[in-house]
Amino acid sequence: MENVKVFSIIIAVFSVLSVESVGLKDLKTCNFGAVYNFGDSNSDTGGGSAAFWPAGKPCGETFFGRPVGRGCDGRLIIDFIAEHLGLPHLSPYLDSIGTSFRYGANFAIGGSTIRPQNESMSLNGVSPFSLDIQIVQFDQFKDRTGHFYNRSYPRHHRNLPRPEDFSKALYIFDIGQNDIAAGLRKKNDSPFHASVPDIVDQLAKAVQNLYEHGARTFWVHNTGPIGCLPVSLHYHDIKPEELDEQGCLKAQNAYSMEFNRQLKARVIKLREELPHAALTYVDIYAAKYELIGNAKKQGFVEAANICCGFHEDEIQVYCGHKQNINGTEIYAGSCENPSDFISWDGVHYTEAANRWVAHRIINGSFSDPPLPIKHACHIP
C-alpha cells in the first residue's frame with residue numbers, strides 16, 4: 001500500500017512540474033467541437049462489427065448491457081476520452097443505423113494495420129481497412145458532409161459536423177499493434193525491423209494528409225506491450241529466460257519498443273515539417289506496462305489472467321464461442337467480475353483497465369509534450 005501512495009505522489013509531482021514547465025496556467029482550454037479517430041480494435045467502437053459480422057455476447061455486458069461492437073466488456077480508452085471532453089461516444093463511420101456524426105466519427109476497424117498487409121480477415125484477422133483506407137474514408141466523409149450540410153434543410157444539421165469544426169477537432173491515432181503482430185507471425189526480426197521506418201512514415205503521411213485538409217491537433221498513441229498480452233503467454237511454450245520481471249515476453253516487447261522509438265522520432269520530425277500543428281505523442285506502452293506491473297496493488301488479479309474465454313488444459317476457446325470437447329459443449333463466457341481483470345479476452349483490455357489507462361493519459365503524465373488532453377491544441 002505504501003508503494004501505491006509513493007507512486008501516486010510521484011505522478012502528482014510530475015504532473016505539477018509538467019504543468020509549470022509548459023505554462024499551463026496561462027493556456028485556455030481547447031474547445032474541441034469534434035473528435036476523429038483512426039485505429040484498430042483497441043479503439044473500434046463498432047466499425048468492424050458493421051463491416052463484417054455483429055459482435056456477440058458477452059461483449060458490452062458491463063456498461064452497455066449488450067454487444068455494441070467493442071471488443072470489451074464495456075468502454076474503451078477512446079470512450080473515456082470522449083466523455084472527458086464532454087462529447088458523446090464516437091459513432092463508427094461504417095455504421096448506418098441511428099448514427100450521428102455531429103461531434104466526430106470513428107474510422108477505426110478491428111484488425112487494421114498502418115501498412116496494408118498481404119493477408120486477409122479470414123486467414124489472420126487482418127482488416128482490409130488499413131490506415132490509408134481510413135484516411136480516404138475521412139476525406140470522403142469531410143467532402144460529403146460539407147456538401148450536405150450546406151445544401152440540406154437545417155433539421156438535418158443535428159447529425160452532421162459543422163464545416164468549421166474540422167479545423168478545431170482533435171485527431172487521434174491508435175494503431176500499429178497489428179503491424180507488429182504481422183511481423184511476429186513471420187518469426188524473423190530482420191524483415192520487421194527493416195519495415196518499421198516505412199510503417200511510421202505511412203502514419204506520418206496520414207497526419208500530413210489531414211494537416212493539408214485543415215487538421216491542426218493530433219494525439220498519437222504508441223503501441224502497448226504486445227509481449228504482455230495473455231494470448232501470447234497462453235499460446236506458447238515459454239521458457240523462464242524468455243520472460244521479463246513482469247512475466248512478459250521480452251522478444252515480443254522488443255518489437256513494440258522499436259516501433260515506438262521510431263514513431264516518437266517521426267512525431268518530433270513532424271513538428272518541424274508541420275509548424276502550425278500541435279502534435280502530442282502518448283506513451284500508451286508505459287501506461288499499460290505500469291498497470292501490468294502493479295496489477296494487484298491496483299486492485300486487479302494477476303495480469304495474465306483472462307476474464308472471457310476458456311483456457312484450461314491446453315484447450316483454448318475464444319471469448320463468446322462454443323466448442324465441443326470430447327462430447328461436451330464448452331461455452332467460453334465471461335468471468336463473474338470483469339472489473340477485477342486487466343485482460344478481457346486475452347488481447348483486449350477490460351473496461352476497468354481501459355479506465356485506469358485513460359485517466360492517466362488524459363492528464364498528460366505520459367505525453368510529450370506533457371499537456372493534458374484538454375490543452376492539446378496548444379503548441380509549446
Side-chain angles (χ1 to χ4, degrees), residues 37 39-84 88-92 95 106 108-112 125 174 177-178 221 224-226 228-235 284 287-288 290-292 294-296 298-312 316-323 330-362:
N37 183 71
D40 51 34
S41 60
N42 289 308
S43 60
D44 181 355
T45 55
S49 182
F52 302 111
W53 50 80
K57 295 180 179 180
C59 289
E61 64 179 14
T62 295
F63 181 79
F64 301 99
R66 63 186 180 90
V68 289
R70 292 160 173 79
C72 178
D73 62 306
R75 289 165 289 184
L76 309 177
I77 291 173
I78 186 66
D79 293 314
F80 289 108
I81 288 176
E83 291 176 4
H84 180 73
H89 295 155
L90 294 186
S91 294
D95 194 350
N106 193 357
I109 301 287
S112 292
D174 189 355
Q177 181 172 307
N178 293 316
H221 293 185
I226 195 168
C228 297
L229 295 178
V231 68
S232 299
L233 302 173
H234 280 268
Y235 283 74
I284 291 290
K288 289 184 174 179
E290 186 173 285
L291 170 59
I292 290 165
N294 294 279
K296 290 190 174 181
Q298 297 300 323
F300 295 94
V301 298
E302 291 284 352
N305 291 357
I306 301 172
C307 173
C308 185
F310 185 88
H311 309 277
E312 295 180 12
Q316 314 289 348
V317 185
Y318 194 70
C319 178
H321 289 212
K322 296 179 181 179
Q323 186 172 327
I330 294 176
Y331 171 65
S334 66
C335 58
E336 185 175 351
N337 296 305
S339 62
D340 291 340
F341 289 71
I342 290 176
S343 180
W344 168 241
D345 57 10
V347 176
H348 307 99
Y349 288 63
T350 61
E351 173 177 292
N354 286 329
R355 180 192 293 109
W356 193 97
V357 174
H359 286 179
R360 281 155 180 79
I361 64 171
I362 59 179

Reported CG-to-SG distance for the pair N337 and C307, which is rounded to 0.5 angstrom
8.5 Å
Tell me if a side-chain donor or acceptor on T45 pairs with a main-chain N or O of L90 at a distance below 3.5 Å.
yes
Whether the side chain of N178 engages the backbone of S112 through a donor-acceptor N/O pair (distance < 3.5 Å, no angle test) should be reported.
yes
Just do the side-chain hydrogen bond (donor to acceptor under 3.5 Å, both in side chains) check on D40 and Q177 with the steps written out, would you?
CA-CA 8 Å; D40 51 34; Q177 181 172 307; 5.9 Å; no
Roughly how far apart are H221 NE2 and N42 CG, rounded to 0.5 Å?
10.0 Å
Using side chain to side chain contact (heavy atoms under 4.5 Å, CB included) as the criterion, list what pairs up with A353, not counting sequence neighbours.
L291, I342, Y349, T350
Expected output: side-chain T62 to main-chain G74 donor-acceptor under 3.5 Å
no
Please name the pair of heavy atoms, one in L233 and one in C228, separated by the smallest distance, quoted to 0.1 Å.
CD1-O, 4.0 Å
Run R75 and R355 through side chain to side chain contact (heavy atoms under 4.5 Å, CB included) and show every step you take.
CA-CA 8 Å; R75 289 165 289 184; R355 180 192 293 109; 3.3 Å; yes
So, taking the atom named CD in E351 and the one named CG in L76, what distance separates them when rounded to the nearest 0.5 Å?
9.0 Å
For residues G47 and P92, report the shortest heavy-atom separation together with the two atoms involved.
N-CB, 3.5 Å
Are any of the side-chain heavy atoms of F300 and S343 separated by less than 4.5 Å?
no
Might you point out which heavy atoms bring W356 and A287 nearest each other, and give the distance in Å?
CZ3-O, 3.4 Å
Kindly compute the distance separating NE2 (H311) from CG (N305), expressed to the nearest 0.5 Å.
10.5 Å
Classify the ring geometry of F64 against H89: parallel below 30°, tilted from 30° to 60°, perpendicular beyond 60°.
perpendicular
To the nearest 0.5 Å, what is the distance between CG on L229 and NZ on K288?
8.0 Å
Exercise: identify the closest heavy-atom pair between I77 and A358
CG2-CB, 4.2 Å
What's the shortest heavy-atom distance between G320 and C308, and which atoms?
N-SG, 3.9 Å
Side-chain heavy atoms of F341 within contact of S334, under 4.5 Å
no
To check you understand the geometry: which heavy-atom pair defines the closest contact between G39 and S43, and what is its length?
CA-OG, 3.9 Å
Separation between CD of E61 and SG of C59, rounded to the nearest 0.5 Å
8.5 Å
Using only atom types and a distance under 3.5 Å, with no angle test, would you say the side chain of D44 pairs donor to acceptor with the backbone of G71?
no
Looking at E83, I want to see if its CD is surrounded by more than 12 non-hydrogen atoms of other residues, nucleotides or ligands under 6.0 Å.
yes
Under the criterion side chain to side chain contact (heavy atoms under 4.5 Å, CB included), I'd like the reasoning laid out for N354 against F80: C-alpha separation, chi angles, the key distance, then a yes or no.
CA-CA 8 Å; N354 286 329; F80 289 108; 4.1 Å; yes
Whether D95 side chain and A50 backbone form a donor-acceptor pair below 3.5 Å
no
